[in-house]
Amino acid sequence: MEKFTTLSGIAAPMPLVNVDTDMIIPKQFLKTIKRSGLGANLFDEMRFNLDGTEIADFILNQPAYRDAQILVAGDNFGCGSSRERAPWAIADFGIRCVISTSFADIFYNNCFKNGILPIVLPEDQRDAAMKDAEKGANARIEVDLETQTVTLSDGTCYAFEVDAFKKHCLLNGLDDIGLTMEKVTAIDTFEATSAASRPWI
Amino acid sequence: MSPKTLYDKIWDAHVAHEADDGTCLLYIDRHLVHEVTSPQAFEGLRMAGRTVRKPEQTIAVPDHNVPTTLDRANAETMTEDSRIQVAALDKNAKDFGLHYYPVSDVRQGIVHIVGPEQGWTLPGMTVVCGDSHTATHGAFGALAHGIGTSEVEHVLATQTLIQKKSKNMKVEITGKLRPGVTAKDITLTVIGETGTAGGTGYVIEYCGEAIRDLSMEGRMTVCNMAIEGGARAGLIAPDEKTFAYCEGRPHAPKGAEWDAAVTYWKTLFTDEGAHFDKVITIRGEDIAPVVTWGTSPEDVLPITAKVPSSTDFEGGKVGAAQRSLDYMDLTPGTPLSEIEIDTVFIGSCTNGRIEDLRAAAEILKGKKKKDGLRAMVVPGSGLVRAQAEEEGLADIFKEAGFEWRLAGCSMCLAMNPDQLKPGERCAATSNRNFEGRQGRGGRTHLMSPAMAAAAAITGKLTDVRELS
């Protein structure tokens with residue numbers, strides 16, 4: 001997995017609440033058996049007309065935001081389907097950080113497996129970041145995972161919370177499965193005990 | 001010992017390792033797999049030279065892509081990419097030795113219907129699947145939730161998940177339901193109350209007389225949509241109904257093992273005085289038959305209500321409501337019962353079980369769907385289909401003018417050929433009314449099977465109580 005340490009980039013504002021994973025990557029793109037190449041279809045039905053031409057006013061089609069690396073989003077971002085193609089599409093597009101007041105549980109976990117940092121800020125701070133993002137490409141937001149801070153273009157700095165283990169894995173680009181394999185004895189022991197107490201498993 | 005919730009008990013029984021910071025390795029008893037969210041996980045295993053740790057606890061079935069028309073044995077009914085995805089599951093199930101129900105097997109169906117039906121899902125278990133509606137299995141008092149594909153790979157390789165414990169929420173539905181009100185109305189009403197993010201960070205335990213009174217099928221409908229309220233999982237304590245449902249299923253324990261299992265399952269309830277971080281109580285008699293009007297499952301209103309205005313909302317929901325009204329092409333103030341529909345879809349992991357088909361058939365018996373309306377019933381599994389045929393339900397549907405389909409996810413998410421065209425409006429028994437969910441530009445109103453059947457007869461959203 002790609003590491004996440006610091007990021008300084010253009011932030012795109014997306015104030016819509018309850019952005020669901022069907023919006024992020026519609027079902028017709030779930031048929032791929034690969035992880036790559038989904039950025040082209042990120043937000044497909046909001047971003048493109050039926051004939052494939054761009055919908056000009058969609059945020060990521062606007063000249064200022066075409067190279068956005070951060071998304072500042074409305075409440076409850078990533079709700080709905082568990083599809084990991086949502087974070088795959090976001091990362092493939094080049095967005096490495098999403099800032100909101102809340103994320104749906106499965107999407108939030110999926111981000112950390114794909115080098116994306118989801119940041120939860122209180123509403124007033126998220127709103128300030130949204131205003132900053134609305135300024136366009138000249139407003140860059142800085143994110144530092146090590147110090148757990150978000151800095152807006154005017155220097156305003158906010159601290160954010162992140163689970164220590166998730167932070168460690170993201171900072172170092174660690175593979176979860178490899179880490180769990182180190183605890184295989186504990187799993188072996190659990191299975192042996194379980195086989196006796198719950199043989200029907 | 002301090003009193004525990006049902007969730008606490010199941011959680012504690014599955015912690016294989018706990019780190020100092022509370023990060024746990026949660027042992028997974030059952031891993032359900034379908035064709036959409038698994039190919040990259042199996043590819044990851046192969047690339048790392050890993051294998052499936054417990055193939056005997058891993059159950060695979062194709063459901064999302066499969067056509068539901070009677071000619072589906074003909075490969076031409078599937079698009080090339082769908083065919084590749086199903087073929088990949090065929091190969092992975094065979095290569096790794098998983099329990100597998102291929103498209104040609106009568107037991108094939110939606111993974112969340114097949115699991116309980118075959119007795120894979122049992123009380124007190126941990127169940128995961130790369131699918132958000134895994135919450136369904138919580139109806140058995142199993143801790144069940146959806147995971148992403150990276151986590152699918154993690155479970156395949158280690159039979160565990162890296163987890164931190166969620167908070168406990170209690171949703172109590174007291175008293176009795178009124179006539180015409182079903183499990184679907186309960187679960188939609190709860191989401192309408194809490195919002196789609198209200199459950200984020202929680203595992204919900206549903207309890208109360210109205211929940212106890214539900215059949216297992218109804219309980220599955222309630223838990224299925226826990227995810228739509230943002231919860232990690234929904235749970236209902238197992239009872240005699242649960243045991244009766246499980247007994248004799250192909251993969252349920254037998255003989256002395258069954259007795260031991262039931263003895264254990266009877267300990268799976270929330271202790272008196274256990275702590276819940278959040279409690280919601282709704283009176284069963286206050287729940288009406290409901291429908292959704294917007295593009296979020298929280299956009300729920302009784303069928304007797306009118307289309308709201310965006311000014312009825314606050315904050316970020318104002319813009320979202322306006323966007324929903326525009327997308328749904330609805331005018332504020334219109335009675336919901338005047339909204340005309342052109343499609344009816346009865347099926348999905350929410351409402352594709354035998355009881356759902358019985359409820360719809362009861363409304364449709366001796367009646368016809370409105371002319372020009374497209375209506376289909378897609379049973380949740382081949383066995384549900386067979387049972388419905390045996391009970392004469394299939395004849396009722398066919399005589400009413402419904403298409404009688406083979407099992408699959410179908411128009412719930414429209415990954416197979418069953419899709420809405422732009423502008424089409426559907427009365428659906430599924431779980432999501434998101435923009436484009438049933439096909440780009442398609443408009444979805446969620447409701448119970450009885451309400452969907454009523455809508456098929458009149459051609460508009462209809463209060464089922466006025467028909468019966």
Side-chain angles (χ1 to χ4, degrees), chain A residues 1 15-18 20-23 26-28 30-35 45-46 50 74-76 79-88 102-110 113-114 123 163-166 175-181 183-184 186-187 189-191 194 197-201, chain B residues 16-17 19 21 23 25 27 29 36-37 39-40 43 48 50 57 64-65 79 81-82 84-85 88 122 125 130-132 146-151 153-154 157-160 162 164 196-197 200-201 230 232 252-253 257 260-261 264 296 316-317 319-320 323 413-415 432 434-437 440:
Chain A
M1 185 180 73
L16 187 63
V17 301
N18 296 333
D20 58 68
T21 54
D22 274 83
M23 283 180 179
K27 88 272 292 171
Q28 58 270 36
L30 303 190
K31 298 187 181 190
T32 175
I33 59 169
K34 300 189 188 124
R35 292 173 197 250
E45 292 178 2
M46 302 166 86
L50 276 169
D75 309 345
N76 195 30
C79 59
S81 156
S82 63
R83 59 190 67 169
E84 198 163 321
R85 286 166 185 81
W88 293 342
S102 59
F103 293 90
D105 187 44
I106 303 174
F107 176 83
Y108 185 80
N109 283 325
N110 282 343
K113 317 283 184 193
N114 293 285
E123 194 172 352
D163 175 78
F165 177 73
K166 287 188 165 83
D175 163 26
D176 277 353
I177 299 177
L179 291 174
T180 298
M181 290 291 202
K183 303 187 183 92
V184 70
I187 303 172
T189 307
F190 182 91
E191 273 178 352
S194 182
S197 62
R198 300 185 306 148
W200 56 88
I201 300 300
Chain B
H17 180 272
D21 71 345
T23 303
L25 279 183
Y27 190 79
D29 295 326
V36 179
T37 54
Q40 293 87 345
E43 185 202 16
R50 289 169 177 147
Q57 291 169 219
H64 283 56
N65 281 277
T79 58
D81 44 9
S82 288
I84 290 171
Q85 214 164 49
L122 297 168
M125 282 183 165
D131 191 286
S132 57
I147 55 177
T149 296
S150 296
E151 290 179 317
E153 187 178 338
H154 191 280
T158 70
Q159 206 57 34
T160 64
I162 301 171
K164 272 204 172 155
T196 48
T200 304
R232 171 160 293 180
E257 222 169 71
Y264 170 61
S296 168
K317 189 67 188 169
R323 186 184 169 94
L413 87 166
M415 270 191 82
R432 289 190 177 132
F434 297 156
E435 287 180 22
R437 171 76 178 183
R440 184 170 179 159

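Per chain, numbering begins at 1; letters A, B, ... match sequence-line order. Remember, it's a predicted structure, so these values are computed and weren't measured experimentally.
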> Select one option (side chain, backbone, both, neither) describing which atoms of Asn109(A) are under 4.5 Å from chain B's heavy atoms.
side chain
> Tell me which of these, Lys317(B), Arg232(B), Glu43(B), has more heavy-atom pairs under 4.5 Å with chain A than the rest.
Arg232(B)
> In terms of heavy-atom pairs under 4.5 Å, which option from Ala261(B), Gly319(B), Gly316(B) contacts chain A the most?
Ala261(B)
> Shortest non-hydrogen contact from Ser82(B) to Lys31(A)?
OG-NZ, 2.9 Å
> Are the side chains of Ile162(B) and Leu25(B) in contact, using a 4.5 Å heavy-atom criterion?
yes
> Can you say whether Ser150(B) sits under 4.5 Å from chain A via the side chain, the backbone, both, or neither, judging by heavy atoms?
both
> So for Asp29(B), is it side chain, backbone, both, or neither that comes closer than 4.5 Å to the heavy atoms of chain A?
both
> Given that the side chain runs from C-beta out, which part of Phe103(A) has a heavy atom under 4.5 Å from chain B: side chain, backbone, both or neither?
backbone
> Heavy atoms only: give me the nearest Val36(B)-Arg85(A) pair and the separation to one decimal.
O-NH2, 2.7 Å
> I need the minimum non-hydrogen distance between Phe107(A) and Pro87(A), along with the two atoms involved.
CE1-CD, 4.0 Å
> Mark yes or no for whether Gln85(B), through its side chain, and Leu30(A), through its backbone, hold a donor-acceptor pair below 3.5 Å.
yes
> At their closest point, which heavy atom of Met1(A) faces which heavy atom of Asn114(A), and how far apart are they?
SD-N, 3.7 Å
> Search all heavy atoms of Ala16(B) against all heavy atoms of Ala186(A) and return the closest pair with its distance.
O-CB, 3.5 Å
> Measure distances from Ile147(B) to the heavy atoms of chain A and classify the residue's part below 4.5 Å as side chain, backbone, both or neither.
backbone
> Side chain, backbone, both or neither: which part of Leu16(A) has a non-hydrogen atom closer than 4.5 Å to chain B?
side chain
> Can you list everything that forms a side chain to side chain contact (heavy atoms under 4.5 Å, CB included) with Ala157(B)? Sequence neighbours excluded, please.
Ile177(A), Met181(A), Leu45(B), Arg50(B)
> Using non-hydrogen atoms and a 4.5 Å limit, figure out which bit of Thr23(B) sits close to chain A: side chain, backbone, both or neither.
side chain
> Measuring heavy-atom distances to chain A, does Gln57(B) have an atom under 4.5 Å in its side chain, in its backbone, in both, or in neither?
side chain
> Tell me, out of His154(B), Met415(B), Gln40(B), His17(B), who's got the most heavy-atom pairs with chain A below 4.5 Å.
Gln40(B)
> Quick one: of Leu179(A), Thr21(A), Leu50(A), Thr189(A), who has the most non-hydrogen atom pairs under 4.5 Å with chain B?
Leu50(A)
> Would you mind checking which part of Glu191(A) comes under 4.5 Å of any heavy atom in chain B, side chain (CB onward), backbone (N, CA, C, O), both or neither?
side chain
> Please classify the contact between Thr149(B) and chain A as side chain, backbone, both or neither, with a heavy-atom cut-off of under 4.5 Å.
both
> With a 4.0 Å cut-off, would you call Asp22(A) and Arg432(B) a salt bridge?
no
> Quick one: what part of Glu153(B) sits under 4.5 Å from any heavy atom of chain A, side chain, backbone, both or neither?
both
> Compare all side-chain heavy atoms of Asp131(B) with those of Thr37(B) and state whether any distance is below 4.5 angstrom.
no
> Relative to chain A, which segment of Thr160(B) carries a heavy atom at a distance below 4.5 Å: side chain, backbone, both, or neither?
side chain
> Counting heavy-atom pairs under 4.5 Å with chain B, which one of Lys113(A), Arg198(A), Lys34(A), Gln28(A) comes out on top?
Arg198(A)
> If you compare all heavy atoms of Phe165(A) against all heavy atoms of Asp21(B), which two are closest, and at what distance to 0.1 Å?
CB-OD2, 3.7 Å
> Sort out for me which of Gly148(B), Pro39(B), Pro253(B) touches chain A most, counting heavy-atom pairs under 4.5 Å.
Gly148(B)
> Pro199(A) versus chain B, heavy atoms under 4.5 Å apart: side chain, backbone, both or neither?
both
> Which residues pass the salt bridge (charged side-chain N to carboxylate O under 4.0 Å, His left out) test with Lys166(A), not counting sequence neighbours?
none
